[in-house]
Trainee: 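One structure is given below, represented as structure tokens, and several questions about it will come after.
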Number of protein chains: 2
Amino acid sequence: MNVDAYDAMDTKATPAPVMGCCAPLDAPQLSAEEAVATAALFKALGDPHRVRIVNLLAVAAAPVCVCDLTPSLGITQPTVSHHLRKLVDAGLLIREQRGTWAYYALDHVAMRRLAGVATLTGDSS
Amino acid sequence: MNVDAYDAMDTKATPAPVMGCCAPLDAPQLSAEEAVATAALFKALGDPHRVRIVNLLAVAAAPVCVCDLTPSLGITQPTVSHHLRKLVDAGLLIREQRGTWAYYALDHVAMRRLAGVATLTGDSS
DNA sequence: CGTAAGCATCGACGTTCATCGATGCCACCA
DNA sequence: TGGTGGCATCGATGAACGTCGATGCTTACG
């Protein structure tokens with residue numbers, strides 16, 4: 001059954017970044033792999049703190065370090081690192097180490113891919 | 001703290017459909033309420049089965065009943081109802097009762113709102 | 001070389017979630 | 001009116017998640 005196809009799929013943490021999820025939601029005959037990849041993409045944004053992180057990075061012109069993110073979010077530093085990891089694993093964020101500091105920035109290619117998935121091609125109503 | 005603002009917010013099941021989440025991810029100063037609403041929208045699509053449901057309804061010209069959805073998904077009927085409820089609560093699906101059968105269809109207004117949230121306005125890179 | 005600071009990881013805890021079988025409710029039909 | 005079938009709900013179970021404090025690692029600075 002299809003449920004077995006899902007179980008055999010790689011849904012664990014820290015695999016390769018979410019790839020192969022470029023088909024829009026109204027693509028004909030969306031495969032099980034595409035469904036898993038697409039769900040992983042949306043799942044990464046299924047937390048309010050992660051939405052705020054993406055928002056903060058989207059409005060920021062330059063990459064932002066964790067030391068600036070943490071006070072803006074009102075959660076502890078380990079939790080911020082946890083969320084950042086989820087977003088990096090999903091391929092939405094890019095991490096850059098500058099000496100002691102870790103800077104994060106949006107992956108605009110991935111964001112465009114997200115918009116492409118969420119946008120229905122045959123939208124008429 | 002902001003974490004308290006999240007806790008005081010309505011995140012339970014079966015509230016009013018997800019509203020007030022029209023701001024794109026790169027809107028300046030995204031509020032905590034908007035972050036919660038946006039996350040709820042993405043969270044509804046954070047499951048492979050729900051992605052496939054949306055896909056099936058997107059390619060279908062007419063509303064689809066649960067009896068047709070269940071064999072296509074390969075999961076039991078209670079689980080299908082569970083996922084459909086999540087999507088209806090998120091405001092993405094519309095339920096219509098026709099005698100014994102329950103028909104579901106995409107809410108195209110909500111889908112356009114989703115595309116608007118996922119699309120960055122100042123996309124240049 | 002020792003100390004401080006930024007960040008990731010670990011272990012733990014409580015909550016949420018996906019899934020199923022069993023059951024209940026309602027519409028339809030003979 | 002009794003039976004059948006479609007669908008939602010309930011209760012249980014195992015897995016995943018968000019959060020935190022504690023800890024470890026690496027870099028920078030006296």
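Chain identifiers are assigned alphabetically (A, B, ...) following the order of the sequence lines, protein sequences preceding nucleic acid strands; residue numbering begins at 1 within each chain. Just so we're clear, the structure is a prediction, and the values are computed from it rather than from any experiment.
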Trainee: Let's see if you can work this out: which of C:dC7, D:dC20, C:dA18 has an atom nearest to the side-chain heavy atoms of A:Cys67?
Mentor: C:dC7
Trainee: In terms of the angle between their ring planes, are B:Phe42 and A:Phe42 parallel, tilted or perpendicular, with boundaries placed at 30° and 60°?
Mentor: parallel
Trainee: Can you tell me how far C1' of C:dG6 sits from CG of A:Leu84, to the nearest Å?
Mentor: 13 Å
Trainee: CG of B:Asp89 versus C1' of C:dC17: gap in Å, rounded?
Mentor: 14 Å
Trainee: Counting just side-chain N and O atoms, does A:Tyr104 come under 4.0 Å of either OP1 or OP2 of C:dA8?
Mentor: yes
Trainee: Find the distance A:Leu87:CG to D:dC17:P and express it as a whole number of Å.
Mentor: 13 Å
Trainee: Nearest whole Å is fine: how far is D:dT27 P from A:Tyr103 OH?
Mentor: 16 Å
Trainee: Nearest whole angstrom, please: distance from the P of C:dC17 to the CZ of B:Phe42.
Mentor: 17 Å
Trainee: C:dA18 phosphate, OP1 or OP2: any side-chain N/O from B:Lys86 under 4.0 angstrom?
Mentor: yes
Trainee: So which nucleotide from D:dA8, C:dC7, D:dC20 ends up closest to the side chain of B:Ala102?
Mentor: D:dA8
Trainee: Nearest-Å distance, NE2 (A:His83) to P (D:dA16)?
Mentor: 18 Å
Trainee: Which parts of nucleotides 22-30 of chain C does protein reach within less than 4.0 Å, heavy atoms only, written one letter per nucleotide 5' to 3' as B for base, S for sugar-phosphate only and - for none?
Mentor: B----SS--
Trainee: Crowded around A:Gln97 CD? As in, over 12 foreign heavy atoms under 6.0 Å?
Mentor: yes
Trainee: Rounded to the nearest 0.5 Å, what separates atom NE2 in A:His49 from atom NE2 in A:His82?
Mentor: 11.0 Å
Trainee: Taking A:Asp107 for its side chain and A:Ile94 for its backbone only, find out whether a donor-acceptor pair lies under 3.5 Å.
Mentor: no
Trainee: Is any side-chain N or O of A:Lys43 closer than 4.0 Å to OP1 or OP2 of D:dA16?
Mentor: no
Trainee: So do A:Leu56 and A:Leu73 actually touch side chain to side chain, heavy atoms under 4.5 Å?
Mentor: yes
Trainee: How bent is the helix from C:dC1-D:dG30 to C:dA30-D:dT1, measuring the angle between the end axes built from five pairs each, rounded to 10°?
Mentor: 20°
Trainee: Phosphate oxygens OP1/OP2 of D:dT19: is one of them under 4.0 Å from a side-chain N or O of A:Thr76?
Mentor: no
Trainee: When rounded to the nearest 0.5 angstrom, what is the spacing between NE2 in A:His108 and CE in A:Met111?
Mentor: 8.0 Å
Trainee: Would you say D:dC10 has OP1 or OP2 under 4.0 Å from some side-chain N or O of B:His82?
Mentor: no
Trainee: Show, in sequence, the C-alpha distance, side-chain angles and deciding distance for A:Leu84 and A:Leu69, and conclude whether the side chain to side chain contact (heavy atoms under 4.5 Å, CB included) test is met.
Mentor: CA-CA 10 Å; A:Leu84 288 171; A:Leu69 245 37; 3.9 Å; yes
Trainee: Within this structure, what is the CD-to-P distance between B:Glu96 and D:dC7, rounded to whole angstrom?
Mentor: 13 Å
Trainee: Can you tell me the distance, in whole Å, between the CZ atom of A:Arg85 and the P atom of C:dA8?
Mentor: 10 Å
Trainee: Would you indicate, yes or no, if C:dC7 has its OP1 or OP2 atom less than 4.0 angstrom from a side-chain nitrogen or oxygen of A:Arg95?
Mentor: no
Trainee: Measuring from atom CG of B:Leu92 to atom CG of B:Leu87, what distance do you get when rounded to the nearest 0.5 angstrom?
Mentor: 6.0 Å
Trainee: Closest heavy-atom contact between B:Ile75 and B:Val80?
Mentor: CG1-CG2, 3.6 Å
Trainee: Can you tell which of D:dT19, C:dT9, C:dC20 lies closest to the side chain of B:Ile75?
Mentor: C:dC20
Trainee: Can you name the closest pair of heavy atoms from B:Ala115 and B:Thr119 and give their distance?
Mentor: O-OG1, 2.6 Å
